[in-house]
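What follows is one structure encoded as structure tokens, with my remarks underneath.
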Protein chains: 2
Amino acid sequence: MKPVTLKQIAETLNMSVSTVSKALKDYPDVSKKTKRLVKETVDLLNYKPNAFAVNLRTKESKTIGLIIPEVVHHFFSSVIKGIIARAEKKGYLVIILQSNESYELEKKQIDLLLSKRVDGILISLANGTGNFKHLNDLISQDLPLVMFDKIAKIVNCSKVIINDRKAAYTATQHLIDTGCKRIAHFRGPLLPQNSIDRFLGYKKALTDNGLPYDPSLVYICECGDNSFEEGKESARKLLNDHTDVDGIFINTDMVAIGAITEFNKLGIKIPEDISVVGFSNWFMSSVISPTLTTINQPGYEMGKEAFKLLYKEIKNRKQNSPIKLKTIELETKLIKRGSTKN
Amino acid sequence: MKPVTLKQIAETLNMSVSTVSKALKDYPDVSKKTKRLVKETVDLLNYKPNAFAVNLRTKESKTIGLIIPEVVHHFFSSVIKGIIARAEKKGYLVIILQSNESYELEKKQIDLLLSKRVDGILISLANGTGNFKHLNDLISQDLPLVMFDKIAKIVNCSKVIINDRKAAYTATQHLIDTGCKRIAHFRGPLLPQNSIDRFLGYKKALTDNGLPYDPSLVYICECGDNSFEEGKESARKLLNDHTDVDGIFINTDMVAIGAITEFNKLGIKIPEDISVVGFSNWFMSSVISPTLTTINQPGYEMGKEAFKLLYKEIKNRKQNSPIKLKTIELETKLIKRGSTKN
DNA sequence: CGGTGAAACGAAAACGTTTTCGATGAGAAT
DNA sequence: ATTCTCATCGAAAACGTTTTCGTTTCACCG
């Protein structure tokens with residue numbers, strides 16, 4: 001009933017544990033004959049190496065940790081898929097934890113992963129994270145770490161990101177190019193870098209085009225579980241506060257879809273009265289009516305690249321090669337659809 | 001630089017490894033004084049037990065495996081969230097693998113998890129899975145296993161499900177109650193049980209109400225990555241094949257939304273010309289226009305319950321208590337919205 | 001025939017815990 | 001003084017690998 005061990009194979013074959021082990025790993029100092037013999041009985045007895053023992057001996061678990069703010073989210077689940085796919089190919093398993101956008105949880109989860117002795121950690125920061133000691137600790141223990149999407153520029157590790165500022169600039173520029181003069185922005189929370197960058201891109205596009213920046217046109221959304229409702233609410237507020245707005249650049253598609261839904265309900269014509277640009281190219285943006293012009297954010301690729309980076313670092317650390325940190329910037333693209341004029 | 005071990009603590013405190021270990025686990029045969037001492041230096045040196053050694057010694061990893069057909073999916077990601085939340089509370093981590101609806105991958109992944117020696121496995125079957133040897137093998141090795149959502153009735157393990165047949169019956173009955181006489185069904189693939197059950201519920205509702213069952217009204221969708229397109233296509237086909245259909249019960253919301261989008265485009269009025277009922281109560285079903293009447297499928301709860309069941313089995317196995325298999329049936333509910341008459 | 005070298009194998013340490021079982025000593029009971 | 005009890009501790013085995021470093025065997029050469 002107990003799982004088969006090397007010892008048992010050695011006994012049935014009348015040889016030593018070491019020879020069996022070496023035979024399985026194709027050591028040069030064991031004859032072809034015994035190698036064949038060993039491999040046969042291994043198949044026969046259905047031997048599987050005890051991962052616990054291997055881990056202990058080799059000091060690695062072939063497992064990485066992934067901390068993500070929210071699992072139920074199209075973009076993040078795409079990232080997860082990319083990571084898992086890539087990791088599996090390289091023989092790594094991935095443990096997923098969800099920070100729920102909470103700094104405290106994030107800290108605890110890093111501790112958890114640390115105590116499980118994962119070989120590396122992938123993380124996308126919680127909105128609430130403004131202190132980076134827990135991450136710097138990882139680095140000083142030189143555990144491979146790469147951040148993606150929601151990063152902290154100040155932390156010294158590899159990263160894979162998009163250029164949020166540039167993408168937001170492009171989005172806003174598109175609104176300007178299609179005739180909008182008074183452009184609002186529904187932004188994300190104050191802390192996370194990409195929310196800041198998107199805001200800055202929006203602002204820069206305005207001033208570069210000689211349009212005044214008006215803070216009263218910027219609305220803050222938490223972009224949490226009820227983004228959709230936030231979109232509806234911000235849309236209502238906007239209409240109440242301003243009558244002359246003819247374009248909005250919105251931090252995420254979900255909020256944008258909320259806003260569009262509300263506009264539809266209130267009889268505001270899109271894009272004739274107000275043009276809307278979203279962010280992330282969520283699947284639904286091509287289904288909603290009108291279809292939503294948005295910025296494509298490549299989640300799956302981001303996951304893949306993030307794992308690739310981490311994998312390299314893990315390998316380098318194993319052979320004590322110097323680790324060169326790298327920041328990969330993925331391409332975004334403006335997807336023009338029905339919510340803006342052309 | 002190396003992580004602190006029990007031995008080092010023992011040396012700095014001038015006592016034996018065993019005492020230190022026992023002090024940390026509050027054994028009765030070590031004095032309060034040394035317990036205090038040990039705990040102090042543990043904090044001081046920032047000792048973390050080596051999980052690899054603990055695993056090897058205790059023969060458990062405090063880790064479970066989760067195999068899911070598709071991560072980028074609202075329902076499944078909700079399940080994942082429920083599982084992770086519950087698992088974390090009990091000190092378990094979860095390794096996620098994605099079968100991509102492939103039987104072959106599913107088999108490999110079970111092997112992977114087995115070789116990692118997880119303490120238990122949660123699985124929702126791939127559509128392609130028609131052979132259950134890999135699962136029965138798990139059971140005969142008595143590794144705790146619980147299936148959820150996409151299950152195989154024939155496999156002898158705990159399960160958490162919804163009553164697909166009943167839910168489908170309710171959905172179809174609702175169409176009938178609101179005046180539909182000729183009701184089509186967009187069903188899922190042939191293999192998975194819930195797709196079958198939903199079909200059977202649809203059929204039974206028809207015959208119970210004296211309506212004829214017409215196979216030509218049943219359309220098959222793969223319900224994979226391009227469910228939305230499938231919905232559109234099936235909608236077109238349906239209009240082409242039949243002119244008298246006044247209601248459709250659709251296997252999943254995504255397909256339903258595709259169909260609605262197509263109907264909208266073609267000028268078919270919903271629900272006046274055709275009523276539509278979906279399945280799963282995906283978030284978007286309340287956003288689409290018209291809003292979609294659907295069946296609520298509680299993903300998060302399913303995840304929670306599945307883990308709870310698995311946890312019990314793990315505990316029971318540890319103390320060699322007899323394992324009682326259990327099947328939990330979660331409640332579904334008809335959510336009436338704009339795509340059906342009232 | 002002693003010496004050399006290669007080929008094939010094994011003994012044993014090490015990884016860091018947990019847990020059993022004895023050992024030790026102090027004080028109480030006899 | 002002897003036994004007994006308790007409280008407290010430590011030695012050591014065990015978990016199953018991996019890997020280093022010998023050891024053995026035997027062929028071959030000088």
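Per chain, numbering begins at 1; letters A, B, ... match sequence-line order.
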Round to the nearest Å and state the distance from [X] atom [atom1] to [N] atom [atom2].
X: B:L37; N: D:dT8; atom1: CG; atom2: P; answer: 14 Å
X: A:L56; N: C:dT17; atom1: CG; atom2: C1'; answer: 8 Å
X: A:K116; N: C:dG16; atom1: NZ; atom2: C1'; answer: 16 Å
X: B:E60; N: D:dC15; atom1: CD; atom2: C1'; answer: 14 Å
X: A:K2; N: D:dA14; atom1: NZ; atom2: C1'; answer: 14 Å
X: B:L13; N: D:dC9; atom1: CG; atom2: P; answer: 11 Å
X: A:K7; N: C:dG10; atom1: NZ; atom2: C1'; answer: 15 Å
X: B:N50; N: C:dA14; atom1: CG; atom2: P; answer: 17 Å

Minimum-distance nucleotide to B:S21 side chain [options: D:dC9, C:dT19, D:dT17]: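 Side chain of B:S21 sits closest to C:dT19.
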
Sugar-phosphate only, base, or nothing, as touched by A:K22 at under 4.0 Å among non-hydrogen atoms: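 Contact class for A:K22: base.
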
Sugar-phosphate only, base, or nothing, as touched by A:T5 at under 4.0 Å among non-hydrogen atoms: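 It contacts sugar-phosphate atoms only.
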
Does atom [atom1] of [X] have more than 12 heavy-atom neighbours, drawn from other residues, nucleotides or ligands, at distances under 6.0 Å?
X: A:K326; atom1: NZ; result: no
X: B:K108; atom1: NZ; result: no
X: B:K90; atom1: NZ; result: no
X: A:K312; atom1: NZ; result: no

Close approaches to DNA chain D from residues 26-36 of chain B, in residue order (heavy atom, under 4.0 Å):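 Those residues whose heavy atoms fall under 4.0 Å from DNA chain D, taken from residues 26-36 of chain B in numerical order, are B:D29, B:V30, B:S31, B:T34.
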
Whether [X] contacts [N] is assessed here as follows: a side-chain N or O lying under 4.0 Å from the phosphate OP1 or OP2. Is that the case?
X: B:S18; N: D:dA11; result: no
X: A:K59; N: C:dG16; result: yes
X: A:S16; N: C:dG10; result: yes

B:F52 CZ to B:N50 CG distance, which is reported to the nearest 0.5 Å: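 Answer for the CZ-CG pair, B:F52 versus B:N50, is 6.5 Å.
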
Closest-nucleotide 5' rank along DNA chain D - winner of B:M15 and A:L6: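 The residue closer to the strand's 5' end, by nearest nucleotide, is B:M15.
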
Ion pair A:R317/A:E313, N-O distance below 4.0 Å: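 A salt bridge is absent here (no side-chain N lies under 4.0 Å from a carboxylate O).
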
side-chain contact (heavy atoms from CB on, under 4.5 Å), paired with B:L122, selected from B:L145, B:V160, B:I83: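 Filter result, single survivor: B:I83.
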
